[in-house]
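Here the structure comes first, spelled out in structure tokens, and everything after it is commentary.
Read the numbers this way: they start at 1 and go in the same order the structure lists the ligands and their atoms. Counting from 1, the numbers follow the sequence of the chain as shown.
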Amino acid sequence: MTTSTTAFAANILNADLHCHSVVSDGTLSPEALAERAKANGVELWALTDHDEIGGQHRAAAAAKANGMRYLTGTEISVTFANETVHIVGLGFDPDDADMQQGLRNTRGGREQRAMEMSDGLAKVGILGAYEGALKFVGNPELISRTHFARFLVESGVCKETADVFRKYLTEGKPGYVPHRWASLRDAVSWITQANGMAIIAHPARYKFTPNEEYALFTEFKAHGGRGVEVVTGSHTAQEYVKYAETAKEFGLAASRGSDFHSPEESRTDLGTLPFLPGGLTPVWELLADRIQ
Ligand code: AMP
Ligand code: MN
Ligand code: MN
Ligand code: MN
């Protein structure tokens, strides 16, 4: 057994394998995130920007500069059973052309969707939301609901971003525009064909019936998916237990990540979640040869 395999074989590792930078809808640069992760004791880190891997080389270099191990990462938006599902990819080749093209296609509809969101908000008297959201965008191709939320907080419409989502940006609300993202099959294929591992992000967040959730896990596995987030900033302690069981039932490896976006907005800081429960295979054990 090599030294690196031994070092990453335990559940007791401060791995944070899910967070966002200005390359998608976070507010910090990859370099500032790396410094924050290091300061919080993170040993193995991954930056997982939405539908975009443009920050990967910077993040890997910043991890190295801070003495942390690194896995390449992304979080792909998928439509499954009429719901948006997020698939995290880890350990893939960031220069893989098919993956880059797939992500470019996934980003493609965001500008049009953002203009429609802005039209919806204008109908309830909130004017200039598209231009307002753009001021918060680091990467115009990645304009997201998060950027609209920041604009509505800045302009005093709501006190915090969670209120904006509840009142304006979720299904049935004036700024909500349904969108078709990548298919589950495509997202899993892009990741696995680039030598990475596909992981279901924060499964407790989806509003699925038990049958739909079973179908998600079954199809995900059939397409080659290998992992599920068990300990995430989006789960309660009971949900850690529930999805630890799901991981065992489906024979999936388990991941851990804060989903940190911003010091002002995120409840869970980098590297501060509980360790993975015992009896699970950590994703980093299967990805040992891809850790930088
Ligand atoms: P989009 O990809 O444009 O649909 O935006 C999705 C992003 O919005 C997620 O990645 C989260 O960062 C953020 N988000 C979704 N729901 C909420 C919520 N209820 N409160 C705060 N942020 C949210
Ligand atoms: Mn986000
Ligand atoms: Mn997500
Ligand atoms: Mn995320």
Would you find a donor on one side and an acceptor on the other, under 3.5 Å apart, between the side chain of R110 and the backbone of I143? yes
Please confirm whether the ring centroid of Y214 lies under 6.0 Å from the ring centroid of F250. yes
Applying a strict under-4.5 Å side-chain criterion to I, L, V, M, F, W and Y, I'd like to know whether I199 and F92 cluster together. yes
Specify whether H202 and H18 have parallel, tilted or perpendicular ring planes, treating 30° as the upper limit for parallel and 60° as the lower limit for perpendicular. tilted
Could you please compute the angle at the Mn ion (ligand 2) from OD2 of D25 to NE2 of H261, rounded to 10°? 100°
Restricting to under 2.8 Å, identify the protein N, O or S atoms around the Mn ion (ligand 3) as residue plus atom. E75 OE2, H86 ND1, H202 NE2
Go through the structure and list residues passing side-chain contact (heavy atoms from CB on, under 4.5 Å) with L127, not counting sequence neighbours. A122
Do H20 and D259 pair up side chain to side chain, a donor and an acceptor below 3.5 Å, judged on atom types alone? yes
